[in-house]
Amino acid sequence: MNINIKENETSSFTQEEKTSEITLDLFGMTCANCARRIETGLSKVPGVEEARVNFGRETAFVRFKDPIEPSELFSKVESLGYSAKWHSENNYKETEELHKKERSKLRSRFLISLLFTAPLFYSMVSHFSFLEFLPNPKLLMHPWVQFLLAFPVQFWIGFPFYKSAFRAIKNGSANMDVLVSLGTSAAFGYSFILSLLKGKQQGDILFSSLWIEGAHIHSLPPLYYETSAVLLCFILAGKWMETEAKGKSSSAIQTLLELKPETARIKKEEIWSEIPTEYVKKGDILQVRPGEKFPVDGVVTEGFSSVDESMLTGESLPLDKKKDSQVFGGTVNGNGNLIIQAVSVGSETVLASIIKTVEEAQSSKAPIQKIADKISAVFVPVVILISLFNFLLWFFFLEAGNLGSALEKSIAILVIACPCALGLATPISILVGTGKAAGQGILFRNSEVLETAASLNLIAFDKTGTITEGNPSVTDYRFVGDGSELLSFSASAESASSHPLGKAIVSFVKAKGLPVHSPENLQTIPGLGITSQVNENNIKIGKLEFFDRKENFPKDLLEISNSWEKEGKTVVWARSENPGVVNSNGTARPSASAPGSTVNSTVDGDLGAPTWIIFSIEDTIRKNAKSALKKLDSLGIETLLLTGDHLSVAESISSKVGIKNVHASLLPKDKAEIVSDLQAEGKIVGMTGDGINDSPALAKADVGIAMGTGTGVAIETAGVVLVKGDLEKIAEAILIAKATTGNIRQNFFWALAYNTLGIPIAAAGLLAPWIAGAMMAFSSVSVVLNALRLRKKDIR
């Protein structure tokens, strides 16, 4: 088994101290309290300097001093009631399979609980006045039938809640599972005692009267079997949905891992052979053929090619690579054969650093989700003490010796304290709020993201694919000569090229309905351009540097080209040697200076003088980008542009859409670091992006917002997804988040108000358990009705 331990060495004047870092995969956590318990436990292990547990990723990061044995960390986790194993890229699939099995088991337990709970739920709702028309089989009202249905839900399906509650109490804390276990046990236990007492009174020895439809069954005091079963089923459904969400977030990491090829072609004793990428070492010589991914970071030693680095920079244009150029693992080689020397391998590559950044930043617990646990930490012990004190008071003083009366009053306190409404407060509002958002093309991943989105005060934007469309296209052109013929010739020459700029020219010309011919004698000069023949015309197209400086370039075209470049646009030149497109005196046909027409320029020379055309190519701005940013400004949210593109391009784009702050020429880790710096200043930061290169920043941000038209990694990493890539939906998402979090806080108030009001009444003996149950049910109804108001709320 490969163990992923990273060692760091720090020197001092007297000694050298060595520290190690290790990441563990964790199993068995059910809530954020579990993560806190493991984190606290690991921190107490002698030698451990830092322990951080990521509940969402189900991992633990531990930094410790040697010579501590990593096995001690495993033992500590196991002593807390959980399990752990090594975390590394090599066993990632194995770990994911184990987590999938856990999710599958949880799903099965929920479905089984639903099977047993449905009849109990039906027997309850069929008594509502507005549902009196529903048939109500008397069999479902029999106490022992209800007992048989509720028992497996309470003690088999509900066992993990008891287990978690025991762990919490053992560690000196109280979480929601303690409250759930306490409340459901009180309801179930009370119902069971009533069933026994009534059965004994009527001579009904358990199952002997199971099929009797006597009136004594209906004379029983109200039972609460359905209360405990329905509550456990609902909470279990919430936990299942939570684990499914965590599973989806981990698929982003899997996609990133798949960017690295499984094998590498390495040179050993003048022979090329393939080996697993994980065995490549620094200094190895590798061959990367056209269309293949680079297995590691390295330096080109031979060859020339254009490389697609969009997964790193987000820019759609490939970069030329030649001798001494840097290449990065996971990027895609273009049309040339490259020989590289490995410089960074394994966990040291840029791709590995992206994966690590996403893993470390992906999951945290929002404050509003912690409210219920914080309340229960105080509320549960207080309720238990009140119930116990009340029992002793009635049994020894107020109704001395009356066990049944004292027990009934104490149970009433526990029933009224059952966290039905408290448990519903967050999920029901989240359900309604996220449903409303989904109907408007906005997907929230969880309540943490939704709450944080309501507090955003700064949003950073990627450029390519986010502010812009993400594809280079021809936005303007000028020519000297016959424009239609030059357009056709240029597109014909580029039709055999796979270069994005060439494709942009071909698409532009085809959209104009002009013919595109097959080129002849095509030659590609890597990094510069191409030459070919089209209908016996010699065509040369590429960068300005591709042409001989001795040529007589049209002065007006040079001026226009320079102005385009200053605006951050890419300029492509094309020349055609065709005497038929100039006048007999050797001058170009005059024209206005409107886009796509000839310029007033003179071409010196004879009838064979060349004619010229230049193309302005850029990534066009999204139509609603400017209005979207204006909406954010009206909400008081600051905006920022983070891009891997050049500063001139970034400033040009930002000035057009109204973004004042710009950071350019950034690598993925740079974007994440800027986000981190902004957070250190107290900013609540959102990050909007669409590419793999944005994933570290999306994960690091308080809220990651992905364009639904972007890459799968960005979508899975982000907390909010704009389905159609509509930037105006960002403002709507924030408004929905504000409305939903406000609704959640209202729900907490009503849930606690009923408990707070009901407990003293129950303690005074004025609240029978069945009335306590009714109040508890009414508190849940009020929470649901309040949440449903979100559906009709106007969000603009």
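A quick note: this is a predicted structure, and the numbers were derived from the prediction, not measured. The first residue of the sequence shown is numbered 1, and numbering continues consecutively from there.
- Remark: side-chain polar atoms of Ser507 are not paired, donor with acceptor, to backbone N or O of Ala504 under 3.5 angstrom.
- Between Ile653 and Phe461 there is no side-chain heavy-atom pair separated by less than 4.5 Å.
- Using a distance-only test at 3.5 Å, with no hydrogens or angles considered, no donor-acceptor pair links the side chain of Ser676 to the main chain of Glu673.
- At distances below 3.5 Å, not a single donor-acceptor pair connects side-chain atoms of Asp633 with backbone N or O atoms of Lys630.
- Lys623 approaches Glu469 most closely through the heavy-atom pair N-OE2, 4.4 Å.
- Contact detail for Ala493 and Val534: the closest heavy-atom pair is N-CG2, 4.2 Å.
- Ser488 places a side-chain N or O within 3.5 Å of a backbone atom of Pro515 that can act as its donor or acceptor partner.
- Residue Leu647 comes nearest to Ser665 through the heavy atom pair N-OG, 4.4 Å, listed as atom of the first residue, atom of the second, then distance.
- Counted within 6.0 Å of CD on Glu536, heavy atoms from surrounding residues, nucleotides or ligands total 12 or fewer; the atom is thus considered open.
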Next on the checklist: Is there a side-chain contact (heavy atoms from CB on, under 4.5 Å) between Leu642 and Asp694? Walk through the geometry before answering.
Outcome noted: CA-CA 9 Å; Leu642 303 179; Asp694 300 318; over 6 Å; no

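- Between the side chains of Asn537 and Glu485, no donor-acceptor pair of N or O atoms lies under 3.5 Å.
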Checklist entry - Could you walk me through whether Val571 and Ile560 pass the side-chain contact (heavy atoms from CB on, under 4.5 Å) check? => result CA-CA 10 Å; Val571 181; Ile560 294 172; over 6 Å; no

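- Residue Ser273 comes nearest to Lys268 through the heavy atom pair OG-CG, 4.5 Å, listed as atom of the first residue, atom of the second, then distance.
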Item to check | Worked check of side-chain contact (heavy atoms from CB on, under 4.5 Å) between Thr263 and Arg265 | outcome: CA-CA 7 Å; Thr263 61; Arg265 189 171 296 100; over 6 Å; no

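- Interatomic distance, CD of Gln523 versus OG1 of Thr531, reported as 4.5 Å (0.5 Å rounding).
- Taking the side chain as every heavy atom from C-beta outward, Tyr279 and Ile266 never approach each other to under 4.5 Å.
- Proximity of a side-chain donor or acceptor of Asp702 to a complementary backbone N or O of Val685 within less than 3.5 Å is detected.
- Within the 4.5 Å cutoff, side-chain heavy atoms of Asn337 are placed close to those of Ile339.
- In this structure, CD1 in Ile613 is found 5.0 Å from CG in Leu486, a value given to the nearest 0.5 Å.
- Residue Gln326 qualifies as open at atom CD: its count of foreign heavy atoms under 6.0 Å is 12 or below.
- In this structure, Lys569 NZ and Thr475 OG1 are separated by 4.5 Å, a value rounded to the nearest 0.5 Å.
- A pairwise comparison of heavy atoms in Val662 and Ala650 identifies CG1-CB, 3.5 Å as the closest pair.
- The shortest side-chain heavy-atom distance between Lys323 and Glu302 does not fall under the 4.5 Å cut-off.
- No salt bridge links Asp324 with Lys322; every basic N to acidic carboxylate O contact stays at or beyond 4.0 Å.
- For Arg575 (side chain) and Asn538 (main-chain N/O), no donor-acceptor pair under 3.5 Å exists by modelled atom type.
- Side chain of Asn333 to main chain of Val288: a donor-acceptor pair is present (N/O by atom type, distance under 3.5 Å, no hydrogens or angles).
- No side-chain donor-acceptor contact under 3.5 Å links Asp284 and Gln341.
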Checklist entry - What do the steps show when you test Ile467 against Leu629 for side-chain contact (heavy atoms from CB on, under 4.5 Å), and what is the final call? => result CA-CA 10 Å; Ile467 296 296; Leu629 289 162; 4.3 Å; yes

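- Scanning both residues, Leu722 and Leu727, for their nearest heavy atoms gives CD1-CA, 4.4 Å.
- For Phe546 and Trp573, the ring centers are positioned 6.0 Å apart or more.
- At least one donor-acceptor pair closer than 3.5 Å links the side chain of Ser305 to the backbone N or O of Gly336.
- Checking Asp690, Asp645, Thr643 one by one against Lys463, the side-chain hydrogen bond (donor to acceptor under 3.5 Å, both in side chains) holds for a single residue, Asp645.
- You'll find the side chain of Glu494 stays beyond 4.5 Å of the side chain of Phe615, heavy atoms only.
- Partner Trp612 forms a ring-ring contact (aromatic ring centres under 6.0 Å, His included) with one of Phe479, Phe553, Tyr477 and no other, that one being Phe553.
- Between Arg289 atom CZ and Leu338 atom CG the span is 13.0 Å, to the nearest 0.5 Å.
- Between the side chain of Thr277 and the main chain of Pro261, a donor-acceptor pair closer than 3.5 Å is present.
- Side-chain contact between Phe489 and Leu514 is absent, with no heavy atoms from C-beta onward closer than 4.5 Å.
- In this structure, the side chains of Gln287 and Glu292 stay at 4.5 Å or more apart for every pair of heavy atoms.
- Lys729 places a side-chain N or O within donor-acceptor distance of the main-chain N or O of Gln440, the cut-off being under 3.5 Å.
- The line from CD1 of Ile637 to CD1 of Ile730 is 9.0 Å long, rounded to the nearest 0.5 Å.
- Looking at heavy atoms from C-beta onward, Leu286 lies in side-chain contact with Pro295 at the 4.5 angstrom threshold.
- Of the inter-residue distances, the one linking Thr466 atom OG1 with Ile621 atom CD1 reads 13.0 Å to the nearest 0.5 angstrom.
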